[in-house]
Amino acid sequence: TFSGTFNDIQSFNKFIWRRLKSRENKGLSEYLGGLPGIEDGLDFDTDVDIFLSNLSEALLERTDDDGARVYFVFDEVDKLAEMFLGGGSGKECADKILWELRALVQNEDRVGVIFAGSEAAQALLVSNPQAAFYNSIALMPLSPFSASSPRKENRSREIVLPRALSEAFNFQKAALDHLLSVTAGIPYYMKLVSGATLAAANRRRIYPRDVDIGVEKIFSKETGIESIDTLQDPGEDELRAIGTSTVREKVLIRAVLLSVAWIRSPLSGAHVRVGELWGADSPLVVRAQLTREKIQPGVERAIQMGFLWRSKEVDHGIRFAIPLLGESLLSRFESLWPDLQRHLEEIMEETT
């Protein structure tokens, strides 16, 4: 799991080796009978494809299965997108890593890679014609957790309610449905919201309002759980890799998202009609004096990037794909808007 960015190829290679030795990969180490001696044959200063090829060869030598393969699973690949968008040496490093990973899978029959990340990262790292893996990788959208069947409901309950707490708390079906809606069925967000909900709960049965209180505690940093209260901008992970080509487009997308959240609380599940974004109560109009012609491209781009979904129930309706993201933006509206306002004013000056 990428927990940070990288300064150079050497730091990436060392990160891979550290993770390979971590508890995260304990099962692999046990299967191979341990990893001693492997590090001695590794050159951390070499290119990524050569480093991972040598590492894979060393791992495969420790198994008796002639048909064995090594797969490197990279989670939170958005971090590479973040480096790419940052420009400069970070962009060069991310680009080099990805092209060398492509060289690895092209040249090694027994080695593969799997990337896990958001739609925004996909747009930048795979769908972009300039991307290393453009038209050369299979895209497999993951199905979100749900409660649409008894089996799926049980699986969702296993995520939101640790076995150790199953006797102390019970999510009512309506509360589970609400939590799944707020988090879009994404396991990381499900655990985040359920942890905050249970920490704030004062009764065994959990209802939808308890989930809302849990979300409020997350953003006010009052859950009492240090790992949650110290998170930076919880719920906004999907925004790390806004794959935009210009600063103007990025500003418009953020302003649109903030305005959608402002007009109607994402937690309510209610849709916002697109026309409301250029209506009399919209921050885009009241505060920034933008016209429909200026706003609409930002709306379309936010939909293309997967941050907003078109409603199937309401004509011209839109809503957050992940309501928790919208609620996070709403909680920081007054701190985020002034900087956006300045950029929006610059946009208006450019077009007048």
Side-chain angles (χ1 to χ4, degrees), residues 118-124 127 141 144 178 180-186 189 212 215 233 235-352:
S118 69
E119 290 187 26
Q122 170 188 312
L124 185 68
S127 305
H178 185 47
L180 288 166
S181 174
V182 169
T183 62
I186 298 173
Y189 291 141
D212 289 345
V215 171
D233 307 332
E236 296 182 30
D237 293 21
E238 308 302 314
L239 290 181
R240 291 177 309 186
I242 292 183
T244 58
S245 57
T246 65
V247 173
R248 173 190 177 121
E249 193 174 49
K250 184 175 182 178
V251 168
L252 282 174
I253 290 175
R254 288 184 176 274
V256 164
L257 294 178
L258 272 173
S259 298
V260 172
W262 173 267
I263 291 171
R264 200 151 295 118
S265 169
L267 278 187
S268 70
H271 296 80
V272 172
R273 293 185 183 276
V274 175
E276 292 182 79
L277 289 172
W278 45 81
D281 297 326
S282 170
L284 293 165
V285 175
V286 176
R287 300 192 181 205
Q289 289 80 53
L290 294 184
T291 63
R292 172 176 178 172
E293 291 69 29
K294 300 290 191 304
I295 298 170
Q296 202 152 18
V299 177
E300 294 301 321
R301 192 72 177 106
I303 293 173
Q304 292 171 6
M305 293 295 296
F307 299 126
L308 298 176
W309 283 351
R310 297 186 191 277
S311 171
K312 295 180 180 179
E313 300 86 18
V314 179
D315 288 341
H316 306 294
I318 53 175
R319 66 179 180 87
F320 275 91
I322 307 175
L324 187 67
L325 164 60
E327 204 64 28
S328 179
L329 291 173
L330 179 59
S331 72
R332 300 196 305 128
F333 184 94
E334 295 301 339
S335 63
L336 292 173
W337 190 268
D339 185 56
L340 283 176
Q341 177 80 25
R342 178 171 56 83
H343 288 294
L344 290 170
E345 289 173 355
E346 293 173 358
I347 290 174
M348 289 298 294
E349 290 176 3
E350 292 173 2
T351 56
T352 55

(message) How long is the straight-line distance from CZ of R332 back to CG of D233, given to the nearest 0.5 Å?
(response) 3.5 Å
(request) For S259 and A255, indicate whether the former's side chain and the latter's backbone hold a donor-acceptor pair under 3.5 Å. (result) yes
(request) Supply the atom-to-atom distance E300 CD to I295 CD1, rounded to the nearest 0.5 angstrom. (result) 12.5 Å
(request) Enter the distance from I318:CD1 to I263:CD1 here, rounded to the nearest 0.5 Å. (result) 8.0 Å
(message) Tell me the closest heavy-atom pair linking A261 and G326, and the distance in Å.
(response) CB-O, 3.4 Å
(request) Please examine the side chains of F307 and V256, heavy atoms only from C-beta on, and report whether any two atoms are closer than 4.5 Å. (result) no
(message) Before you tell me yes or no, could you show the steps for L290 and L252 under side chain to side chain contact (heavy atoms under 4.5 Å, CB included), namely the whole-Å CA-CA distance, both residues' side-chain angles and the distance that decides it to 0.1 Å?
(response) CA-CA 10 Å; L290 294 184; L252 282 174; 4.2 Å; yes
(message) So V260 and E276, do their side chains get closer than 4.5 Å, heavy atoms only?
(response) no
(request) Mind listing the closest non-hydrogen atom pair of F320 and L257 along with its distance? (result) CZ-O, 3.2 Å
(message) Checking the side chain of R264 only, and the main-chain atoms of H271 only, is there a donor and an acceptor separated by less than 3.5 Å?
(response) yes
(message) Measuring from atom CG of L340 to atom CG of L258, what distance do you get when rounded to the nearest 0.5 angstrom?
(response) 6.0 Å
(message) With a 4.5 Å cut-off on side-chain heavy atoms, are V272 and V314 touching?
(response) no
(request) Without swapping roles, check the side chain of R319 against the backbone of A270 for a donor-acceptor pair under 3.5 Å. (result) no
(request) Determine whether the side chains of E327 and S265 contain a donor N or O and an acceptor N or O closer than 3.5 Å. (result) yes
(message) More than 12 heavy atoms of other residues, nucleotides or ligands under 6.0 Å from CZ of R310: yes or no?
(response) no
(message) Less than 4.5 Å apart, side chain to side chain, heavy atoms only: is that true for K250 and I253?
(response) no
(request) To the nearest 0.5 angstrom, please state how far the OH atom of Y189 sits from the CG atom of L180. (result) 15.0 Å
(message) So that I can tick it off, tell me whether R287 and E345 are bridged by a salt bridge, with the cut-off set at under 4.0 angstrom between side-chain N and carboxylate O.
(response) no
(message) Nearest 0.5 Å, please: how far is CG in L267 from NE2 in H178?
(response) 5.5 Å
(message) Main chain of G279, side chain of S282: is a donor-acceptor contact present, judged purely on distance under 3.5 Å?
(response) no
(message) With a sphere of 6.0 Å drawn around CG of D281, does it hold more than 12 non-hydrogen atoms of other residues, nucleotides or ligands?
(response) no
(request) Might you point out which heavy atoms bring P323 and V182 nearest each other, and give the distance in Å? (result) CD-O, 3.4 Å
